[in-house]
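Step one of this worksheet: look at the structure below.
Naming: A, B, ... by sequence-line order, numbering from 1 per chain.
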Number of protein chains: 2
Amino acid sequence: MTATARQHALDQVLELVGLLNDDMTKALGRSGLTVPRAHLLWVLVQRGPVTQQQLADSMKVSPRNITGLVDGLVGTGFVTREPHPTDRRASLVSLTEQGASTSAALQDGQRALAEQLFGGVPPERLRGFSSGLDDVLARLRELTAEGS
Amino acid sequence: MTATARQHALDQVLELVGLLNDDMTKALGRSGLTVPRAHLLWVLVQRGPVTQQQLADSMKVSPRNITGLVDGLVGTGFVTREPHPTDRRASLVSLTEQGASTSAALQDGQRALAEQLFGGVPPERLRGFSSGLDDVLARLRELTAEGS
DNA sequence: TATTGTTATACTCTATAACTATA
DNA sequence: TATAGTTATAGAGTATAACAATA
């Protein structure tokens with residue numbers, strides 16, 4: 001009985017993951033971005049100009065992969081790759097104006113999405129949802145920490 | 001005030017999406033599968049042997065893509081591709097024993113995950129979570145139906 | 001010697017367009 | 001003429017390994 005309730009909850013979560021993934025992919029595509037490229041942009045918004053090594057660490061991805069993502073973003077005008085002022089081995093990746101304004105627009109879009117998804121949910125119910133999610137996230141973080 | 005609560009809820013959901021995606025990718029990798037290949041297997045579990053065209057429709061992906069996914073799954077022994085009994089243009093894709101038993105194991109893993117994630121959540125709280133999710137899913141389905 | 005990033009190589013997922021075989 | 005699937009081509013994300021330049 002409760003086991004089926006838990007199974008149902010997981011099914012719901014998996015459907016959510018799929019729908020949200022599709023929605024994000026489409027929205028980013030309209031801005032000329034992909035999910036990994038938007039992720040990189042987001043790191044730059046949070047951390048400011050950084051080296052590719054730091055990007056690789058932040059995104060938990062190989063340095064080779066960062067080279068490719070930055071190449072793409074330079075090509076489409078979202079970031080610049082400039083020589084590092086003190087370390088001549090390294091590059092410094094920065095947002096262009098276009099990169100910064102697009103990132104801001106994406107954030108606005110996210111705020112709008114939050115309103116669309118949760119705007120009609122009564123506060124009491126939203127609290128319950130959010131608390132339940134906290135429990136689930138705590139467990140998931142443990143699992144992924146172990147499993148790495 | 002409530003706007004920040006809604007924003008927080010979306011942040012939680014996005015973290016959930018990321019963690020769950022990583023967890024699934026790793027778990028499937030241990031079984032020699034990827035997310036799209038597991039998706040294909042899952043369609044076969046539900047529908048039985050089908051043509052590649054039917055797979056393309058079910059998965060909302062190009063026929064060319066199905067050719068590649070089936071090639072990979074045939075190569076790793078999860079499915080077979082056999083001539084269709086009545087339509088000589090078409091192939092019939094079926095689960096092998098290995099494909100069926102791996103699919104069953106994945107389902108067991110999912111049941112276990114549901115227990116790990118929700119097992120410690122009190123029934124009352126789980127109900128609240130699930131109800132909230134229902135609201136959110138309804139809105140998301142509308143959004144993705146429009147935006148397509 | 002250690003670190004930064006690139007080139008070389010390879011695999012997976014994805015798409016469109018042209019083409020073959022069959023209906 | 002329409003449908004099923006493949007070949008041809010292309011692009012994005014991912015990884016490891018070898019290597020050059022610099023620290």
Side-chain angles (χ1 to χ4, degrees), chain A residues 18 21-22 24-26 28-43 49-94 148, chain B residues 18 21-22 24-43 47 49-94 148:
Chain A
N21 230 323
D22 291 350
M24 285 193 303
T25 301
K26 273 181 206 159
L28 291 173
R30 284 190 285 270
S31 297
L33 288 169
T34 62
V35 169
R37 289 181 188 185
H39 183 186
L40 196 155
L41 251 44
W42 183 234
V43 173
V50 290
T51 66
Q52 297 192 182
Q53 192 54 236
Q54 290 172 307
L55 285 171
D57 292 341
S58 286
M59 296 175 65
K60 287 171 186 167
V61 112
S62 70
R64 176 60 185 95
N65 200 351
I66 296 295
T67 298
L69 293 176
V70 172
D71 282 351
L73 286 165
V74 167
T76 45
F78 291 98
V79 307
T80 59
R81 181 197 269 126
E82 285 168 42
H84 191 285
T86 65
D87 186 340
R88 290 204 297 168
R89 293 170 304 180
S91 314
L92 211 52
V93 181
S94 312
S148 69
Chain B
N21 231 323
D22 291 351
M24 284 193 304
T25 302
K26 272 181 204 158
L28 291 173
R30 284 191 285 271
S31 297
L33 288 170
T34 61
V35 169
R37 288 181 190 185
H39 183 185
L40 196 155
L41 251 44
W42 184 235
V43 173
R47 304 190 46 180
V50 290
T51 65
Q52 297 191 181
Q53 192 54 235
Q54 290 174 307
L55 286 171
D57 292 341
S58 286
M59 298 176 64
K60 286 171 187 168
V61 111
S62 71
R64 175 60 185 95
N65 200 351
I66 296 295
T67 298
L69 293 175
V70 171
D71 283 349
L73 286 165
V74 167
T76 46
F78 290 97
V79 308
T80 58
R81 180 198 269 127
E82 285 168 45
H84 192 284
T86 65
D87 186 340
R88 289 203 300 168
R89 294 170 303 179
S91 314
L92 211 52
V93 181
S94 312
S148 67

Please state how far atom [atom1] in [X] lies from atom [atom2] in [N], giving the value in whole angstrom units.
X	N	atom1	atom2	answer
A/Arg88	D/dA20	CZ	P	18 Å
B/Arg89	D/dA2	CZ	C1'	8 Å
B/Lys26	D/dT14	NZ	P	14 Å
B/Arg64	D/dT9	CZ	P	12 Å
A/Leu55	D/dG13	CG	C1'	16 Å
B/Asp87	C/dT22	CG	P	10 Å
B/Gln52	C/dA21	CD	P	17 Å
A/Asp71	D/dG11	CG	P	14 Å

Sugar-phosphate only, base, or nothing, as touched by [X] at under 4.0 Å among non-hydrogen atoms:
X	answer
B/Thr86	sugar-phosphate
B/Val61	sugar-phosphate
A/Ile66	nothing

Closest heavy-atom pair and its distance - [X], [Y]:
X	Y	value
B/Ser94	B/Pro49	OG-CB, 3.5 Å
A/Arg81	A/Val70	NH2-CG1, 3.3 Å
A/Val35	A/Leu28	CA-CD1, 3.7 Å

Starting from the 5' end of DNA chain D, give me the residue, B/Ser91 or A/Pro36, whose nearest nucleotide shows up first.
B/Ser91
Return whichever of B/Pro63 or B/Gly68 has its heavy-atom-nearest nucleotide of DNA chain C closer to the 5' end.
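First, find each residue's nearest nucleotide; the 5'-ward one identifies B/Gly68.
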By the definition side chain to side chain contact (heavy atoms under 4.5 Å, CB included), identify the one residue from A/Asp57, A/Leu92, A/Ile66, A/Val93 that meets it with A/Thr51.
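For A/Thr51, the side chain to side chain contact (heavy atoms under 4.5 Å, CB included) test succeeds with only one of A/Asp57, A/Leu92, A/Ile66, A/Val93, which is A/Leu92.
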If the cut-off is 4.0 Å, is [X] near the phosphate of [N], judged by side-chain N/O to OP1 or OP2?
X	N	value
B/Thr67	D/dG5	no
A/Asn65	D/dA15	yes
B/Thr34	C/dT12	no
B/Arg37	C/dC13	yes

Between CG of B/Asn65 and CD of B/Gln52, what distance do you get to the nearest 0.5 Å?
11.0 Å
